[in-house]
Amino acid sequence: MKKIKAIRGMRDIIYPESSKWDIITSRAQDILRLAGFRSIYLPAAEYTSLFSRTIGEDTDIVKKEMYSFKDKKGRDLTLRPEGTAGAVRAMIENRLLEGRVREKVMYTGAMFRYEKPQSGRYRQFYQLGCEIFGSSSVYADAEITCLAAEILDAVLVRDYVFRVNSIGCEECRKNYVKELRKFLSSRLSRLCEDCVRRFDTNILRVLDCKNSSCRKEQDEIPPMSQFLCVECTDFFARFLDITESGNINIVKDARLVRGLDYYTGVVFEVECGGDIILAGGRYDNLVSELGGGSVPACGWALGLDRVSEKSRITVDGIPLFYIALIDGGEEKEARKIAGALRSEGIPVEVDFEKAPAGKKFKMADRRGVSAVGIIGGKEIETSSVSVKNMRTGNQESFGLEDIEGIIKYIKC
RNA sequence: GUGGGUGUAGCUCAGUGGCAGAGCACCUGGUUGUGGCCCAGGUGGCCGCCGGUUCAAAUCCGGUCAUCCACCCCA
């Protein structure tokens, strides 16, 4: 029979990697919870139009990377390629953004993009994100930035750098786009094919084109910072001021425009060893674009797959206490000790299988346990349990009730 | 979407036209109530798949699929 394998670009996260993910997720969630964020759980699929409208028709994500399909009623659905659009839709739909509100939410889950898999890139990948709704204060941008850094530190990611830019509000962008069009119209012949198209559809993206000929032109392009309005200039300056006074490694990058169209104002991404592991920014128009009134917002998402790869967290095998039954019929005693040890926080596994003692020890050894409790005929007679410390190889006998003694022995 | 590398035992790989291999892992025994170390033995393969060339193909040719890497893009 042909073996069925996981589909291309999708993988199983198994231990010890999965244990590492548990730790990273819970540390990140703890930090966000302490900052007032609450969890929401969102659908993995949405109507396709939610993404095409918010992310942008001319983005790679929408044009060629979406897992889109028709359901049995012919509805156009898409497995979410990112989390923000769905989060905003949910906030509006559940009427959480009405009136003067301040909502802080976090989410985690699988995202899907039909890309060619390579290192650090999967078709199903996991994000953990947070969003602040209802604040137009620069302190909101600064806070999520600092929280991102705090989380990366907490999960032992080293040598990362925040790249930040401001792509301005609608007004400044309108002016800038006009200037850009004027400037580039005479140079179209020197741009790549994609950028010629972008000239009409999404001219800002010419700024971060990686094509070498476009690169040359980019240096000549007047930077966006010259066209930001007074408010946006001031906002960005204050953002830099606040974040730079923290201990964050942060650099300005005038070319940073992000691959999703809904951003306004401050945008940032975190690079670590050449990979983008976290990204986000402000999106003051997204809520209203989805019919939710004028609610400013900002947020970010980190890629769990990539963060885990950079994280230096190491996971030890769980130090188990392994109870081996030798002659059979000692199940009652074994379960009693197991229960008592577990309530003291010691993970205990009881091996009820019938097998020679040598096998049991071999099993225990493979599971990486720190101690084995042996209960057989001899122990039953004396109401005791023999405990072998697998690290030292020593063995000692304890009374069945002597939980404290057992714990002390296996811990030394 | 574009370009490149690699597919042989569970894993890492050797084998470049002539009997399918090694190390590690696994199983059994040495040790029937004691793991690791050691020793002896053993299981395990449509050589990714389909076709072609040949007396003969893991080996050469064509295709295909998978996988890894890079680009584009992105978390």
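Chain letters run A, B, ... following the sequence lines, proteins first and then strands; every chain starts at 1.
Within the 3.5 Å criterion, the main-chain N or O of A:F236 finds no donor-acceptor partner in the side chain of A:S166.
Classification of B:U16 as syn follows from a glycosidic angle within 90° of 0.
Within the nucleic acid shown, A:E269 has no heavy atom closer than 4.0 Å to any nucleic acid atom. Residue contacts shown for A:L302 are absent, as no nucleic acid heavy atom lies under 4.0 Å away. Across all strands, A:E309 comes closer than 4.0 Å to no nucleic acid atom at all (heavy-atom distances). Among the heavy atoms of the strands lying under 4.0 Å from A:L260 are primed sugar atoms or P, OP1, OP2 only; no base atom is included.
Between A:E269 and A:R163 a salt bridge is recorded (basic side-chain N to carboxylate O distance below 4.0 Å). Taking 4.0 Å as the cut-off between side-chain N and carboxylate O, A:D253 and A:R255 do not count as a salt-bridged pair. Note on A:R306 versus A:D275: no salt bridge recorded, every NZ/NE/NH1/NH2 to OD/OE distance being 4.0 Å or above. Residues A:K252 and A:E244 are not paired through a salt bridge, judged by the lack of any N-O separation under 4.0 Å between the basic side chain and the carboxylate. Under the 4.0 Å criterion applied to side-chain N and carboxylate O atoms, A:K362 and A:D365 are not assigned as salt-bridge partners. A salt bridge does not link A:K336 with A:E333: none of the charged nitrogens is closer than 4.0 Å to a carboxylate oxygen.
For B:U54, there is no paired base (Watson-Crick or G-U wobble, both distances below 3.5 Å). Both distances falling under 3.5 Å, in either a Watson-Crick or a G-U wobble arrangement, place B:G21 opposite B:C13. Pair assignment for B:G7 gives B:C65, based on Watson-Crick or G-U wobble hydrogen-bonding distances that are each under 3.5 Å. The partner of B:G1 is B:C71, by the rule that a Watson-Crick or G-U pair needs both atom distances under 3.5 Å. Of all nucleotides present, only B:G30 satisfies the Watson-Crick or G-U wobble test against B:C38, with each distance under 3.5 Å.
The ring of A:Y409 has its center closer than 6.0 angstrom to the ring center of A:F398.
Taking the C1' atom of each, B:U54 and B:G17 are spaced 9 Å apart, rounded to whole Å. Remark: the separation of the P atoms in B:G5 and B:C60 is 14 Å, to the nearest Å. B:U31 and B:G36: their P atoms are spaced 14 Å apart (whole Å). Taking atom P on both nucleotides, B:C71 is separated from B:C13 by 23 Å, rounded to a whole Å. Atom C1' of B:C55 sits at a distance of 23 Å from the matching atom of B:G62, rounded to the whole Å. As rounded to the nearest Å, B:G1 and B:U64 have P atoms that lie 13 Å from one another. B:A22 and B:A14 have their P atoms separated by 16 Å, with the value rounded to a whole Å. The separation of B:C26 from B:A9, taken at their C1' atoms, amounts to 11 Å, rounded to a whole angstrom.
Rounded to an integer number of Å, the gap from CG of A:L278 to P of B:C74 is 15 Å. Atom C1' of nucleotide B:A75 and atom CZ of A:R163 are separated by 13 Å, given to the nearest angstrom. A straight line from OH of A:Y262 to P of B:C74 spans 12 Å, rounded to a whole angstrom. Atom CD of A:E82 and atom C1' of B:A75 are 11 Å apart (whole Å). In this structure, the CZ atom of A:R205 is 7 Å from the P atom of B:C73, given to the nearest Å. Between A:Y160 atom OH and B:A75 atom P the separation is 19 Å, expressed in whole Å. Atom pair A:L256:CG and B:C73:C1' shows a separation of 14 Å (rounding to whole Å applied). Following rounding to the nearest Å, A:R8 (CZ) and B:U64 (P) show an atom-to-atom distance of 14 Å.
Of the residues listed (A:I61, A:V62, A:L260), the one engaging A:P81 in a side-chain contact (heavy atoms from CB on, under 4.5 Å) is A:I61, and it is the only one. Tested against A:E65, the residues A:R123, A:K116, A:E115 include a single side-chain contact (heavy atoms from CB on, under 4.5 Å) partner, A:E115.
Scanning for salt bridge (Lys or Arg N to Asp or Glu O under 4.0 Å) contacts around A:E82 gives an empty result, with sequence neighbours left out. With sequence neighbours excluded, the residues that form a salt bridge (Lys or Arg N to Asp or Glu O under 4.0 Å) with A:D58 are A:K63, A:R197.
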Show each protein N/O and nucleotides 6-12 of chain B N/O combination with a separation under 3.5 Å, one pair to a line.
none

When you compare the protein's N or O atoms with those of nucleotides 35-46 of chain B, which come within less than 3.5 Å of each other, and at what distance?
residue : atom : partner : partner atom : Å
B:G35   : O2'  : A:D365  : OD2          : 3.1
B:G35   : N7   : A:K388  : NZ           : 3.0
B:G35   : O6   : A:K388  : NZ           : 3.4
B:G35   : N1   : A:M390  : O            : 2.8
B:G35   : N2   : A:D365  : OD1          : 3.1
B:G35   : N2   : A:M390  : O            : 2.9
B:G35   : N3   : A:D365  : OD1          : 3.3

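Between A:R258 and the phosphate of B:A75, there is a side-chain N or O to OP1/OP2 separation shorter than 4.0 Å. Under 4.0 angstrom from either OP1 or OP2 of B:C68 there lies no side-chain N or O belonging to A:R11.
Within residues 104-131 of chain A, the residues that place at least one heavy atom under 4.0 Å from RNA chain B are, in residue-number order, A:R113, A:E115, A:K116, A:Q118, A:S119, A:G120, A:R121, A:Y122, A:F125, A:Q127. Interface residues of residues 48-69 of chain A facing RNA chain B, ordered by number: A:D60, A:E65; criterion, heavy-atom separation under 4.0 Å.
Relative ring orientation between A:F133 and A:Y283 is described as perpendicular, the plane-to-plane angle rising above 60° on a 0-90° scale split at 30° and 60°.
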Report the C-alpha distance between A:R367 and A:E349 in whole Å, list the side-chain angles of each, state the deciding distance to 0.1 Å, and finish with yes or no for salt bridge (charged side-chain N to carboxylate O under 4.0 Å, His left out). CA-CA 10 Å; A:R367 304 278 275 126; A:E349 183 171 319; 2.4 Å; yes

Walk me through it: do A:T264 and A:E170 pass the test side-chain hydrogen bond (donor to acceptor under 3.5 Å, both in side chains)? CA-CA 7 Å; A:T264 57; A:E170 219 170 346; over 6 Å; no

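Residue whose closest nucleotide on RNA chain B sits further toward the 5' end, between A:P356 and A:G274: A:P356.
For the residue pair A:E379/A:S386, the side-chain donor-acceptor check at 3.5 Å is satisfied.
In this structure the side chain of A:E131 reaches within 4.5 angstrom of the side chain of A:T84, judged on heavy atoms.
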